[in-house]
Amino acid sequence: MIVYPALDLRGGKVVRLQQGDPDRQTVYADDPLAVAQRWVDLGAGWLHIVNLDGTLGAANDNETVVRQLAGLGVLTQFGGGLRSVEDVARAFDLGVSRVVLGTLAVENPVVVGELIRQWGADRIAVALDARDGFVATHGWQRASLVTPADLGRVFASFGARHALYTDVSRDGELSGVNVTATADLATQTRLEVIASGGVGSLQDVIALHATGIVAGVVLGKALYENRIDLAAALRAANEKGIEQ
């Protein structure tokens, strides 16, 4: 199981938003590159980068930072404000390894297949972020009428392999990841699902790993609040035969 330390960027700084609310922001660092280097030094093989300015439709001044992060020598997963095929191409020009498509994919699922044909299935992930059981879009500010499982099966039919699942109600709350919903989504869609939202302790990582089906976990606030030691999380995610 892959552990993805998160860097949520807003105005060039590393921040976290409570349940995606731009008015409930905590700034954790002014130097994203230094933060990322810390995670790399601790053994991270991937970084999960979110351009919150893009997600929220604000002026985007994070491109330089994203390019620097993509140049650190590890793999990078990037999302936030990718609303067109041109935006996706631009992200790859910045050097990222994989993009995460949310609003674009929900509003035009066919484009997922087109991008996979162009870039390959390993470079495209879809966001199946849910609030109250339905997919949320536009920086989690709007609700759709489709469930993550139903939409995930549609994406899978277009060739998608990777999905990011966030239980929005838990994001930034440190209340525990939704292990059951994440595992069920992976079972129902047969996608490689990455868990996000609510991770608050090493036990969450262990529980996800114990399902045997969850492909990864994004660590955000728990890292920045020192609730989880990244090196310990990496060990737990790679341990064989681990039990809760």
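Keep in mind that the numbers below use all heavy atoms, side chains included, and drop hydrogens, waters and symmetry copies.
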Which pairs with one or both residues in residues 86-124 pass ring pair (Phe, Tyr, Trp, His ring centres under 6.0 Å), sequence neighbours excluded?
-> Phe92-Trp119

Donor-acceptor under 3.5 Å (Asp30 side chain, Lys13 main chain) = no

Going through the checks in order, is the side-chain contact (heavy atoms from CB on, under 4.5 Å) test met by Thr64 and Asn62?
-> CA-CA 6 Å; Thr64 298; Asn62 295 315; over 6 Å; no

Which pairs count as salt bridge (Lys or Arg N to Asp or Glu O under 4.0 Å) when at least one residue sits in residues 86-95, sequence neighbours excluded?
-> Glu63-Arg90

Taking every heavy atom of Leu128 against every heavy atom of Ala163, the minimum-distance pair comes out as CD1-CB, 3.9 Å

Just by modelled atom types, is the Leu104 backbone N or O under 3.5 Å from a matching donor or acceptor in the Asn108 side chain?
-> no

Are Ile49 and Ile2 connected in a single hydrophobic cluster, I mean Ile/Leu/Val/Met/Phe/Trp/Tyr linked by side-chain heavy atoms less than 4.5 Å apart?
-> no

If we only count heavy atoms from C-beta on, is the Val177 to Val205 side-chain gap below 4.5 Å?
-> no

Does the side chain of Leu9 come within less than 4.5 Å of Asp53's, by heavy atoms?
-> no

What pair of heavy atoms forms the shortest contact from Val154 to Ser157, and how long is it?
-> O-OG, 2.5 Å

Roughly how far, to the nearest 0.5 Å, is the CG atom of Leu164 from the CG atom of Leu191?
-> 11.5 Å

Cluster question for you: counting only ILVMFWY and a side-chain heavy-atom cut-off of under 4.5 Å, with indirect links fine, are Leu7 and Val100 together?
-> no

Does a side-chain heavy-atom distance below 4.5 Å link Thr180 with Asn178?
-> yes

Is Ile194 linked to Val96 within one hydrophobic cluster, defined over Ile, Leu, Val, Met, Phe, Trp and Tyr using a side-chain heavy-atom separation of less than 4.5 Å?
-> no

When every non-hydrogen atom of Val110 is compared with those of Phe158, the smallest separation belongs to CG2-CZ, 3.8 Å

Would you give the length of the straight line joining atom CG of Asp8 to atom CZ of Arg16, rounded to the nearest 0.5 angstrom?
-> 4.5 Å

Would you mind reporting whether Asp229 and Leu202 have side-chain heavy atoms less than 4.5 Å apart?
-> no

Of all pairs that satisfy salt bridge (Lys or Arg N to Asp or Glu O under 4.0 Å), the ones with a partner from residues 151-166, not counting sequence neighbours = Asp122-Arg161, Asp150-Arg153

Can you spot which of Leu219, Val218, Val199 makes a side-chain contact (heavy atoms from CB on, under 4.5 Å) with Val3?
-> Leu219

Mind listing the closest non-hydrogen atom pair of Val126 and Ala105 along with its distance?
-> CG1-CB, 4.4 Å

Check the hydrophobic clustering (I, L, V, M, F, W, Y; side-chain heavy atoms under 4.5 Å; chains of links allowed) and say if Met1 and Tyr4 are grouped together.
-> no

Validation row: Val179, Thr211 side chains within 4.5 angstrom (heavy atoms) = yes

At what distance, to the nearest 0.5 angstrom, does CG of Asp167 lie from OG of Ser196?
-> 9.5 Å

Side-chain touch Val214/Leu208, heavy atoms, less than 4.5 angstrom | yes

Please tabulate, one pair per line, all N/O donor-acceptor pairs under 3.5 Å involving side-chain atoms of residues 35-46, not counting sequence neighbours.
residue	atom	partner	partner atom	Å
Gln37	NE2	Asp41	OD1	2.9
Trp39	NE1	Tyr224	OH	3.3

Sub-3.5 Å donor-acceptor pair from the side chain of Ser97 to the main-chain atoms of Thr76, do we have one?
-> yes

Main-chain N/O of Pro5 paired to His48 side chain as donor or acceptor, under 3.5 Å = no

Can you list every pair that meets salt bridge (Lys or Arg N to Asp or Glu O under 4.0 Å) and has a residue in residues 183-197, with sequence neighbours left out?
-> none

Taking all atoms of both residues into account, what is the closest heavy-atom pair of Ala91 and Leu82, and its distance?
-> CB-CD2, 4.2 Å

Heavy-atom distance under 4.5 Å between the side chains of Val99 and Arg123, does that happen here?
-> no

Hey, any chance Val111 and Val106 share a hydrophobic cluster, counting ILVMFWY side chains that come within less than 4.5 Å of each other, even indirectly?
-> yes

Contact summary for Gly12 and Pro32, nearest pair of heavy atoms | O-CG, 3.2 Å

Going by heavy atoms in the side chains, are Ile124 and His162 under 4.5 Å from each other?
-> no

Gln25: partners by side-chain contact (heavy atoms from CB on, under 4.5 Å), with sequence neighbours left out = Arg10, Val15, Leu17, Val27

